[in-house]
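Report on one structure; see the data block that follows.
Order of appearance sets the numbers: ligands from 1, and atoms from 1 within every ligand. Quick note: numbers below take in every heavy atom, side chains included, and nothing from hydrogens, waters or symmetry partners. The structure displayed is predicted, hence computed values, not measured ones.
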Amino acid sequence: MDRIITTHGLRKVCEPTPVWTFTTLDPGGLSQPVNALVPGAWESIPGLKNYRGRAVYEKQLNCGGTLRFVFGGVSFRAKVFLDDRLLARHYGAYTAFDCLAEDVPFGRHTLRVEVDNLFGGDSALHVPNDYYSYGGITRPVTVEQLGSAYITRLHVTPKRRGRMWLAQVEVALRSISDEDQTVDVELKAGPGAVSWKRRSLSARGEITLTAELMAPGVTPWTPENPQLYTAEAVLWLEGEPADDLRDRFGFREVKAEGGRLLLNDEPILIKGVNRHEEYAQFGCAVPVEAMVQDVQLMKDLGCNLVRTCHYPNDPRFLDLCDQYGLMVWEEAHARGLSLQQMQHPAFMEQTMLCIDEMIAQHRNHPSIILWGCLNECDDEHDEGAAIYRQCFRRIHELDASRPMTAALLGRTTSQVLADMDVVSMNLYPLWYHDTPVSDYLGGIKTWINQHGGAGKPFIVSEIGAGAIAGYHDPFGQAKWSEERQAAILREQISAVMAHPETAGIILWQFADIRLDDGSFASRPKCMNNKGLMDEYRRPKLSYAAVKELFHR
Ligand code: ADA
């Protein structure tokens, strides 16, 4: 299923069985249809490791009535058809989308999804990059059966007033009937409850109900004690419970104040890793078992935060972070785009869509303490800086309850420091250049303070070094050896932790990741090899070095 929690007790939800018929349409594909796993990346199918093109997934379903199809993630363009009727189109691999099919006669129907992962054309965010843009239906698909109205959204925002916790709740309903209806809604959120009686829901209309609930006696969510609560909304039609939606949330407050990041008013020092959602033979369709293991490995390393570089993650991973007490910096999709790439005609629309979907879909997760966007894009020209500001504004408009940030390229040219809640920079001393870490960090921080970043928390959002797993130099001198990587990480971590003005460090990166073949000349094995582990999570020497320093 699409979550590790139950989101509906009343609404009928099923997951189609996992084997779909799969046909490639372009050269380099397969000569005939095969069985393929959903969710799955097609690169896992023998012969398709490098397939970039179009493909069709088909599934026979026995269904009828009013159906809602929810796609957790399709990489990276999708067109959804039910019996040849186009229901939806979506761009972007890393957020969910849904579509409705009304009055479907009960019987056998074909769900067809046309998918492609072709670069170029309208694609502004998925471009050849320092990670791989996979192909396929890569996150779970669910099919829901709806009545004449349903709950589209349930958001809970924890608030603190003095010593008292409150839950601000928002429930949205949509009618899928041609007649006006009168509805009742009941909502519970932790210890609080509210009900709305006899509300009018016009034909095909939508309403949003809001309330502020007191939450006496609750235990706040912290990484050490990740206490979670359930919120549940029930929609009543004609005196009968007709639909429901549940989610989990936590009571916690995040603030950026006086140069520090505060969680429930306590300063936090971030010790984190950057994790790409990817696992050796499964590509970006990471099985939940491997997600659990990743979270356990991060806890073992002594991490308190994971950054979902460079896109929103599978909600099952976020559920696990909520539950295990791992804080999250969740980031909208975009990595290293030049001004010209940011001026692609589709860039703004695709970026805003990703921000909107990420926040709407993930905002209840208490583990998310920071929203991020636009990793290392153009922030030094007026036009690029203006785009950063638009994204920051959009994030704040949608959710002002968390600080926002962006991992900037570590250079002294940024124009957006004054616009961010938290200043973050990616720095690679001792890897891409040999400046001693503390000199480099000191210089950058002084510049930040003089250019709009003074008084804001400062995070080193990436730092690290490469190593080819299994390549050794007992003297620790050879570039790409495990020994040298471990030695560099020791120096980097010690210097950042010793700097009085840093709110934390996020290492690049958790595990090695795959790249396009185009990277062969600069990235050995066509991988980004700066992982503390290889792509199968086999630890390099740096794992133990980081573990020791992070547990101090
Ligand atoms: C950047 C970028 C990462 C990765 C890293 C590296 O900081 O944000 O995606 O490419 O550099 O390995 O050089």
May I ask you to check whether over 12 heavy atoms, not counting those of Y432, lie within 6.0 Å of atom OH? yes
Residues in salt bridge (Lys or Arg N to Asp or Glu O under 4.0 Å) with K299, at least two apart? none
For D399, salt bridge (Lys or Arg N to Asp or Glu O under 4.0 Å) partners two or more places apart: R363, R402
For ligand 1, the residues whose heavy atoms come within less than 4.0 Å (ordered by chain, then number): D130, H310, R335, N375, E376, N426, Y428, Y432, E462, W508, R523, N528, K530
Pairs flagged by ring-ring contact (aromatic ring centres under 6.0 Å, His included) wherever residues 532-552 is involved - sequence neighbours left out: none
Indicate the atoms forming the closest heavy-atom contact of I468 with P524, along with that distance. CD1-CB, 3.6 Å
Hey, is K525 close enough to D512 for a salt bridge, meaning N to O under 4.0 Å?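 No salt bridge links K525 with D512.
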